[in-house]
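Below: the structure, in C-alpha coordinates.
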Amino acid sequence: MSIENTRYHTVTEGENSRRLDSVVGVLWEDISRTYVKKLILSGQVQIQSKIVKEPKKLVEKGQKIIITVPIPVPIQMLSQDIPLDIIYEDQHILVINKPAGLVVHPAVGNLDGTLVNALLHYCKGQLSGISGKERPGIVHRLDKGTSGLMVVAKTNEAHLKLAEQFSDRTLSRTYIALVHTLVNPASGIIVENIGRNTQNRQKMTVVRHGGKPAITHYNVKQLFFNQQATLLECKLETGRTHQIRVHMTHKGWPLVGDTTYGRQRPGRLVDKTLKEINWPENRQALHACKLSLKHPISGNIMIFEAPMPKEIETLIKYLKA
(Lines give C-alpha, C1' and ligand atoms only; values in the text may rest on other atoms or scores of the structure.)
Protein backbone atom coordinates (compact mmCIF):
# COMPACT_ATOMS: atom_id res chain seq x y z
CA MET A 1 0.00 0.00 0.00
CA SER A 2 1.30 3.43 -0.90
CA ILE A 3 0.21 6.32 1.35
CA GLU A 4 1.14 9.95 0.71
CA ASN A 5 2.18 11.92 3.75
CA THR A 6 -0.53 14.58 3.25
CA ARG A 7 -3.78 14.55 1.31
CA TYR A 8 -6.22 17.36 0.56
CA HIS A 9 -9.93 16.94 -0.05
CA THR A 10 -12.91 19.20 -0.68
CA VAL A 11 -16.23 17.94 0.65
CA THR A 12 -18.58 17.18 -2.23
CA GLU A 13 -22.34 17.61 -2.36
CA GLY A 14 -22.78 13.86 -1.89
CA GLU A 15 -20.66 14.00 1.27
CA ASN A 16 -22.57 16.88 2.82
CA SER A 17 -23.66 16.10 6.43
CA ARG A 18 -21.65 12.90 6.54
CA ARG A 19 -19.38 12.00 9.46
CA LEU A 20 -15.74 13.08 9.21
CA ASP A 21 -14.38 9.56 9.82
CA SER A 22 -16.60 8.19 7.04
CA VAL A 23 -15.37 10.77 4.52
CA VAL A 24 -11.70 10.31 5.47
CA GLY A 25 -12.04 6.52 5.33
CA VAL A 26 -13.21 6.64 1.71
CA LEU A 27 -10.07 8.52 0.65
CA TRP A 28 -7.98 5.43 1.43
CA GLU A 29 -10.21 2.39 1.09
CA ASP A 30 -7.53 0.03 2.44
CA ILE A 31 -7.12 1.97 5.72
CA SER A 32 -9.10 0.52 8.62
CA ARG A 33 -11.80 2.39 10.53
CA THR A 34 -9.69 2.03 13.66
CA TYR A 35 -6.71 3.75 12.02
CA VAL A 36 -8.89 6.56 10.64
CA LYS A 37 -10.24 7.21 14.14
CA LYS A 38 -6.69 7.17 15.51
CA LEU A 39 -5.61 9.77 12.93
CA ILE A 40 -8.48 12.09 13.86
CA LEU A 41 -8.08 11.73 17.63
CA SER A 42 -4.34 12.38 17.38
CA GLY A 43 -4.89 15.69 15.61
CA GLN A 44 -3.84 14.61 12.12
CA VAL A 45 -7.02 15.88 10.43
CA GLN A 46 -7.97 19.50 9.80
CA ILE A 47 -11.15 21.16 8.53
CA GLN A 48 -10.71 24.66 7.13
CA SER A 49 -7.15 24.67 8.56
CA LYS A 50 -8.39 23.90 12.09
CA ILE A 51 -7.55 20.62 13.83
CA VAL A 52 -10.66 18.55 14.51
CA LYS A 53 -10.57 15.62 16.96
CA GLU A 54 -14.21 14.55 16.63
CA PRO A 55 -14.63 11.46 14.38
CA LYS A 56 -18.43 11.93 14.45
CA LYS A 57 -18.34 15.61 13.39
CA LEU A 58 -20.55 16.27 10.37
CA VAL A 59 -18.85 17.92 7.39
CA GLU A 60 -20.33 20.47 5.01
CA LYS A 61 -20.12 20.83 1.25
CA GLY A 62 -17.14 22.90 0.16
CA GLN A 63 -15.10 22.48 3.35
CA LYS A 64 -11.38 21.80 2.86
CA ILE A 65 -10.05 18.75 4.70
CA ILE A 66 -6.34 18.10 5.23
CA ILE A 67 -5.23 14.65 6.36
CA THR A 68 -1.66 13.96 7.46
CA VAL A 69 -0.49 10.35 7.77
CA PRO A 70 2.75 10.13 9.79
CA ILE A 71 5.51 8.42 7.88
CA PRO A 72 7.00 5.61 10.01
CA VAL A 73 10.30 6.64 11.58
CA PRO A 74 13.20 4.59 10.15
CA ILE A 75 13.96 1.72 12.49
CA GLN A 76 17.17 2.30 14.43
CA MET A 77 17.16 -0.75 16.65
CA LEU A 78 19.48 -3.61 17.35
CA SER A 79 19.06 -6.66 15.13
CA GLN A 80 19.79 -9.84 17.10
CA ASP A 81 20.06 -13.45 16.01
CA ILE A 82 17.57 -14.94 18.48
CA PRO A 83 15.93 -18.27 17.53
CA LEU A 84 12.28 -18.07 16.46
CA ASP A 85 9.72 -20.89 16.37
CA ILE A 86 8.03 -20.03 13.07
CA ILE A 87 4.66 -21.68 12.44
CA TYR A 88 3.86 -19.94 9.13
CA GLU A 89 5.38 -17.31 6.86
CA ASP A 90 4.65 -15.56 3.58
CA GLN A 91 5.48 -12.13 2.17
CA HIS A 92 2.76 -10.43 4.23
CA ILE A 93 2.61 -12.11 7.65
CA LEU A 94 4.57 -14.26 10.06
CA VAL A 95 3.03 -16.52 12.72
CA ILE A 96 5.32 -17.51 15.58
CA ASN A 97 5.09 -19.58 18.74
CA LYS A 98 6.54 -17.26 21.40
CA PRO A 99 8.26 -18.93 24.35
CA ALA A 100 7.58 -17.79 27.90
CA GLY A 101 10.31 -15.45 29.13
CA LEU A 102 10.67 -13.57 25.83
CA VAL A 103 9.61 -9.90 25.99
CA VAL A 104 7.72 -8.77 22.87
CA HIS A 105 9.23 -5.31 22.35
CA PRO A 106 11.92 -3.09 23.94
CA ALA A 107 10.99 -0.98 26.94
CA VAL A 108 12.64 0.33 30.09
CA GLY A 109 14.49 -2.61 31.62
CA ASN A 110 14.40 -4.65 28.39
CA LEU A 111 16.16 -2.65 25.70
CA ASP A 112 17.26 -5.69 23.70
CA GLY A 113 16.88 -9.45 23.59
CA THR A 114 13.20 -9.05 22.66
CA LEU A 115 11.00 -10.54 19.98
CA VAL A 116 11.31 -7.31 17.98
CA ASN A 117 15.12 -7.60 17.99
CA ALA A 118 14.78 -11.17 16.71
CA LEU A 119 12.28 -10.13 14.02
CA LEU A 120 14.54 -7.34 12.77
CA HIS A 121 17.30 -9.90 12.24
CA TYR A 122 15.12 -12.59 10.68
CA CYS A 123 13.04 -10.29 8.44
CA LYS A 124 15.98 -8.03 7.55
CA GLY A 125 13.95 -5.05 8.73
CA GLN A 126 11.02 -5.81 6.38
CA LEU A 127 8.26 -5.19 8.92
CA SER A 128 5.28 -2.86 9.10
CA GLY A 129 5.90 0.52 10.69
CA ILE A 130 2.36 1.31 11.82
CA SER A 131 3.11 0.69 15.50
CA GLY A 132 6.16 2.98 15.47
CA LYS A 133 9.90 2.48 15.49
CA GLU A 134 9.92 0.53 18.77
CA ARG A 135 7.28 -2.03 17.75
CA PRO A 136 7.80 -2.84 14.05
CA GLY A 137 5.46 -5.59 12.88
CA ILE A 138 3.74 -5.94 16.25
CA VAL A 139 -0.05 -6.16 15.87
CA HIS A 140 -0.78 -7.61 19.31
CA ARG A 141 1.20 -8.79 22.33
CA LEU A 142 1.63 -11.62 24.79
CA ASP A 143 2.94 -11.07 28.30
CA LYS A 144 6.56 -12.01 28.97
CA GLY A 145 5.47 -14.97 31.09
CA THR A 146 2.91 -16.23 28.56
CA SER A 147 3.75 -18.51 25.64
CA GLY A 148 1.96 -19.16 22.37
CA LEU A 149 0.85 -17.90 19.00
CA MET A 150 1.34 -14.38 17.69
CA VAL A 151 0.80 -12.96 14.22
CA VAL A 152 3.33 -10.39 12.95
CA ALA A 153 2.76 -7.99 10.02
CA LYS A 154 5.47 -7.54 7.42
CA THR A 155 3.66 -4.79 5.51
CA ASN A 156 1.56 -1.78 6.51
CA GLU A 157 -1.37 -3.09 4.47
CA ALA A 158 -1.31 -6.42 6.30
CA HIS A 159 -0.98 -4.63 9.64
CA LEU A 160 -3.98 -2.38 9.08
CA LYS A 161 -6.22 -5.24 7.97
CA LEU A 162 -5.17 -7.45 10.87
CA ALA A 163 -5.83 -4.56 13.25
CA GLU A 164 -9.31 -4.31 11.74
CA GLN A 165 -9.91 -7.99 12.57
CA PHE A 166 -8.88 -7.40 16.18
CA SER A 167 -11.19 -4.38 16.30
CA ASP A 168 -14.28 -6.12 14.87
CA ARG A 169 -13.45 -9.36 16.77
CA THR A 170 -13.31 -11.61 13.72
CA LEU A 171 -9.83 -12.81 14.74
CA SER A 172 -10.12 -15.61 17.31
CA ARG A 173 -7.60 -16.48 20.06
CA THR A 174 -7.81 -19.52 22.32
CA TYR A 175 -5.71 -20.08 25.44
CA ILE A 176 -5.02 -22.95 27.81
CA ALA A 177 -4.85 -21.78 31.44
CA LEU A 178 -4.14 -23.69 34.63
CA VAL A 179 -5.69 -22.00 37.68
CA HIS A 180 -5.82 -22.59 41.42
CA THR A 181 -8.98 -24.00 43.04
CA LEU A 182 -12.17 -25.49 41.64
CA VAL A 183 -13.78 -23.43 38.88
CA ASN A 184 -17.55 -23.32 39.21
CA PRO A 185 -19.64 -23.09 37.09
CA ALA A 186 -17.79 -25.29 34.60
CA SER A 187 -18.29 -22.82 31.75
CA GLY A 188 -19.25 -19.21 31.44
CA ILE A 189 -18.53 -15.69 30.25
CA ILE A 190 -16.74 -13.09 32.36
CA VAL A 191 -17.81 -9.55 31.44
CA GLU A 192 -15.89 -7.07 33.59
CA ASN A 193 -14.26 -3.76 32.63
CA ILE A 194 -10.50 -3.61 33.13
CA GLY A 195 -8.49 -0.52 34.02
CA ARG A 196 -5.21 0.55 35.60
CA ASN A 197 -4.79 -0.32 39.28
CA THR A 198 -4.63 3.02 41.11
CA GLN A 199 -2.53 1.49 43.91
CA ASN A 200 0.01 -0.06 41.53
CA ARG A 201 0.29 1.42 38.03
CA GLN A 202 2.13 -1.68 36.80
CA LYS A 203 -0.98 -3.79 37.36
CA MET A 204 -4.46 -3.91 35.88
CA THR A 205 -7.67 -4.60 37.78
CA VAL A 206 -11.42 -5.01 37.36
CA VAL A 207 -13.08 -1.58 37.74
CA ARG A 208 -16.67 -0.62 38.42
CA HIS A 209 -16.40 2.74 36.69
CA GLY A 210 -14.36 3.59 33.61
CA GLY A 211 -11.78 1.20 32.21
CA LYS A 212 -12.36 -0.73 29.00
CA PRO A 213 -14.89 -3.50 28.30
CA ALA A 214 -13.34 -6.98 28.59
CA ILE A 215 -15.01 -10.29 27.77
CA THR A 216 -13.51 -13.74 28.44
CA HIS A 217 -15.20 -17.05 27.63
CA TYR A 218 -14.01 -20.08 29.61
CA ASN A 219 -14.65 -23.82 29.75
CA VAL A 220 -13.31 -26.37 32.25
CA LYS A 221 -11.20 -29.09 30.62
CA GLN A 222 -9.91 -31.03 33.63
CA LEU A 223 -9.66 -31.00 37.44
CA PHE A 224 -6.53 -31.94 39.42
CA PHE A 225 -5.27 -32.50 42.96
CA ASN A 226 -8.66 -33.12 44.55
CA GLN A 227 -10.06 -30.00 42.87
CA GLN A 228 -7.16 -27.77 43.95
CA ALA A 229 -6.34 -26.90 40.33
CA THR A 230 -8.40 -26.58 37.14
CA LEU A 231 -7.34 -26.66 33.49
CA LEU A 232 -9.34 -24.17 31.43
CA GLU A 233 -9.80 -23.28 27.81
CA CYS A 234 -10.27 -19.51 27.46
CA LYS A 235 -11.35 -17.54 24.41
CA LEU A 236 -10.89 -13.79 24.22
CA GLU A 237 -13.62 -11.61 22.78
CA THR A 238 -11.55 -8.53 23.63
CA GLY A 239 -7.81 -8.11 24.12
CA ARG A 240 -7.10 -6.02 27.21
CA THR A 241 -3.75 -5.98 28.98
CA HIS A 242 -3.44 -9.03 31.29
CA GLN A 243 -7.11 -9.80 30.57
CA ILE A 244 -7.23 -13.52 31.42
CA ARG A 245 -4.98 -13.09 34.45
CA VAL A 246 -7.07 -10.21 35.82
CA HIS A 247 -10.43 -11.86 35.14
CA MET A 248 -9.39 -15.17 36.69
CA THR A 249 -7.99 -13.49 39.80
CA HIS A 250 -11.16 -11.43 40.12
CA LYS A 251 -13.22 -14.63 40.13
CA GLY A 252 -10.96 -16.17 42.78
CA TRP A 253 -9.16 -18.49 40.35
CA PRO A 254 -5.62 -17.03 40.01
CA LEU A 255 -3.32 -18.57 37.43
CA VAL A 256 -0.79 -21.08 38.67
CA GLY A 257 2.66 -19.47 38.73
CA ASP A 258 1.35 -15.91 38.45
CA THR A 259 3.40 -13.95 40.99
CA THR A 260 1.82 -10.62 39.99
CA TYR A 261 -1.87 -11.41 40.39
CA GLY A 262 -1.80 -14.66 42.36
CA ARG A 263 -0.99 -15.31 46.00
CA GLN A 264 1.79 -17.82 46.59
CA ARG A 265 1.11 -20.22 49.46
CA PRO A 266 4.15 -22.44 50.22
CA GLY A 267 1.99 -25.01 51.98
CA ARG A 268 -0.41 -25.42 49.08
CA LEU A 269 0.09 -28.67 47.15
CA VAL A 270 0.14 -27.00 43.74
CA ASP A 271 2.84 -24.54 44.84
CA LYS A 272 4.86 -27.40 46.33
CA THR A 273 4.72 -29.09 42.93
CA LEU A 274 6.02 -25.95 41.21
CA LYS A 275 9.09 -26.13 43.45
CA GLU A 276 9.60 -29.84 42.79
CA ILE A 277 9.69 -29.42 39.01
CA ASN A 278 11.72 -26.16 39.08
CA TRP A 279 8.94 -24.11 37.51
CA PRO A 280 10.40 -21.08 35.65
CA GLU A 281 10.35 -17.81 37.57
CA ASN A 282 7.61 -15.32 36.60
CA ARG A 283 5.97 -17.89 34.32
CA GLN A 284 2.18 -18.09 34.59
CA ALA A 285 0.55 -21.29 33.32
CA LEU A 286 -1.00 -19.60 30.30
CA HIS A 287 -0.49 -20.60 26.66
CA ALA A 288 -2.03 -19.16 23.47
CA CYS A 289 -2.73 -22.47 21.79
CA LYS A 290 -4.91 -21.52 18.83
CA LEU A 291 -5.17 -18.57 16.45
CA SER A 292 -7.81 -18.20 13.75
CA LEU A 293 -7.70 -15.29 11.29
CA LYS A 294 -8.50 -14.18 7.77
CA HIS A 295 -5.38 -13.67 5.70
CA PRO A 296 -5.13 -9.87 5.31
CA ILE A 297 -4.43 -10.07 1.58
CA SER A 298 -5.95 -13.28 0.20
CA GLY A 299 -8.92 -13.34 2.56
CA ASN A 300 -8.46 -17.07 3.20
CA ILE A 301 -9.41 -18.36 6.66
CA MET A 302 -6.30 -19.65 8.43
CA ILE A 303 -6.16 -21.66 11.67
CA PHE A 304 -2.93 -22.23 13.57
CA GLU A 305 -2.26 -24.38 16.63
CA ALA A 306 0.73 -24.55 18.98
CA PRO A 307 1.42 -27.61 21.16
CA MET A 308 1.49 -27.37 24.93
CA PRO A 309 4.90 -26.17 26.20
CA LYS A 310 7.02 -28.78 27.98
CA GLU A 311 6.89 -27.04 31.36
CA ILE A 312 3.07 -27.01 31.38
CA GLU A 313 2.98 -30.62 30.15
CA THR A 314 5.30 -31.60 32.99
CA LEU A 315 3.22 -29.73 35.55
CA ILE A 316 0.01 -31.41 34.38
CA LYS A 317 1.74 -34.81 34.50
CA TYR A 318 2.73 -34.23 38.13
CA LEU A 319 -0.73 -32.98 39.05
CA LYS A 320 -2.32 -36.09 37.54
CA ALA A 321 0.05 -38.29 39.53
Side-chain angles (χ1 to χ4, degrees), residues 85 97-104 141-150 173-192 194 197 199-200 202-206 214-236 239-290 305-321:
D85 183 2
N97 182 16
K98 186 190 87 69
L102 181 65
V103 176
V104 170
R141 293 176 289 174
L142 289 178
D143 298 335
K144 177 182 178 180
T146 300
S147 58
L149 295 168
M150 287 183 61
R173 290 164 290 166
T174 303
Y175 292 72
I176 287 295
L178 186 66
V179 301
H180 289 288
T181 75
L182 167 68
V183 171
N184 185 34
S187 63
I189 306 174
I190 304 172
V191 183
E192 297 283 357
I194 290 177
N197 188 320
Q199 304 301 314
N200 183 345
Q202 301 301 312
K203 296 173 64 174
M204 309 301 288
T205 189
V206 165
I215 304 173
T216 304
H217 299 251
Y218 74 88
N219 183 49
V220 170
K221 305 296 291 182
Q222 198 167 0
L223 296 175
F224 303 103
F225 255 11
N226 194 27
Q227 301 185 351
Q228 290 190 39
T230 306
L231 186 67
L232 297 175
E233 179 182 84
C234 299
K235 290 187 178 180
L236 294 183
R240 308 306 174 200
T241 301
H242 302 171
Q243 179 172 318
I244 293 176
R245 299 164 66 190
V246 171
H247 270 174
M248 293 302 139
T249 297
H250 176 71
K251 297 292 287 186
W253 315 321
L255 266 75
V256 171
D258 192 341
T259 57
T260 300
Y261 294 100
R263 288 188 300 164
Q264 304 305 300
R265 300 176 186 171
R268 188 162 48 185
L269 290 174
V270 176
D271 286 336
K272 282 184 177 180
T273 303
L274 295 181
K275 272 192 170 184
E276 290 175 14
I277 65 173
N278 294 315
W279 182 258
E281 186 179 1
N282 299 321
R283 199 306 189 214
Q284 55 269 1
L286 183 62
H287 176 65
C289 61
K290 189 174 181 180
E305 295 189 39
M308 194 87 76
K310 288 183 179 179
E311 63 269 24
I312 296 183
E313 275 191 339
T314 300
L315 177 56
I316 289 175
K317 179 181 177 181
Y318 269 72
L319 294 179
K320 284 181 177 179

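- Considering every non-hydrogen atom in both L149 and L142, the closest pair reads O-CD1, 3.9 Å.
- Between T174 and E233, the side chains place no donor N or O within less than 3.5 Å of an acceptor N or O (distance only, hydrogens not considered).
- Formation of a donor-acceptor pair under 3.5 Å by the H247 side chain with backbone atoms of H217 is not found in this model.
- A distance of 12.5 Å separates CG of N278 from CD of E311, quoted to the nearest 0.5 Å.
- Under the 3.5 Å distance criterion, the side-chain polar atoms of K203 are left unmatched by any main-chain donor or acceptor of Y261.
- Considering CZ of F224 and CG of L231, their distance stands at 5.0 Å, rounded to 0.5 Å.
- Checked against M248 for a side-chain contact (heavy atoms from CB on, under 4.5 Å), the options L255, L286, D258 give a single hit: L255.
- Looking at every heavy atom in both residues, I194 comes nearest to A214 through CD1-CB, 3.8 Å.
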- Task: Would you check, one step at a time, whether the test side chain to side chain contact (heavy atoms under 4.5 Å, CB included) holds for T216 with L236?
- Result: CA-CA 5 Å; T216 304; L236 294 183; 4.0 Å; yes

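- Nearest heavy-atom pair, H287 versus I312, reported as atom, atom and distance to 0.1 Å: CB-CD1, 4.1 Å.
- Between the Q243 side chain and the I215 main chain, a donor and an acceptor come within less than 3.5 Å of each other.
- With hydrogens and angles disregarded, a donor-acceptor distance shorter than 3.5 Å links the side chain of T230 to the backbone of T181.
- For the residue pair C234 and A177, the shortest heavy atom distance occurs at SG-CB, 4.3 Å.
- Rounding to the nearest 0.5 angstrom, the gap separating the CD atom in Q222 from the CD1 atom in I176 is 10.5 Å.
- Scanning both residues, P309 and S147, for their nearest heavy atoms gives CG-OG, 3.3 Å.
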- Message: Assess the residue pair L319 and L178 against the criterion (side chain to side chain contact (heavy atoms under 4.5 Å, CB included)); give the C-alpha distance rounded to whole Å, side-chain angles, the decisive distance to 0.1 Å, and a yes or no.
- Response: CA-CA 11 Å; L319 294 179; L178 186 66; 3.6 Å; yes

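- Atoms CG and CZ, on D143 and R283 in that order, are 11.0 Å from each other to the nearest 0.5 Å.
- Atom NE2 in H242 sits 7.0 Å away from atom OG1 in T260 (nearest 0.5 Å).
- Rounded to the nearest 0.5 angstrom, M204 CE and H250 NE2 are separated by 14.5 Å.
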- Go through D271 and H180 one step at a time and tell me if the side chain to side chain contact (heavy atoms under 4.5 Å, CB included) criterion holds. CA-CA 10 Å; D271 286 336; H180 289 288; 3.6 Å; yes

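- Heavy atoms only, all atoms of each residue included: S187 and N219 are closest at CB-OD1, 3.5 Å.
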- Task: Would you check, one step at a time, whether the test side chain to side chain contact (heavy atoms under 4.5 Å, CB included) holds for V104 with M150?
- Result: CA-CA 10 Å; V104 170; M150 287 183 61; 4.0 Å; yes

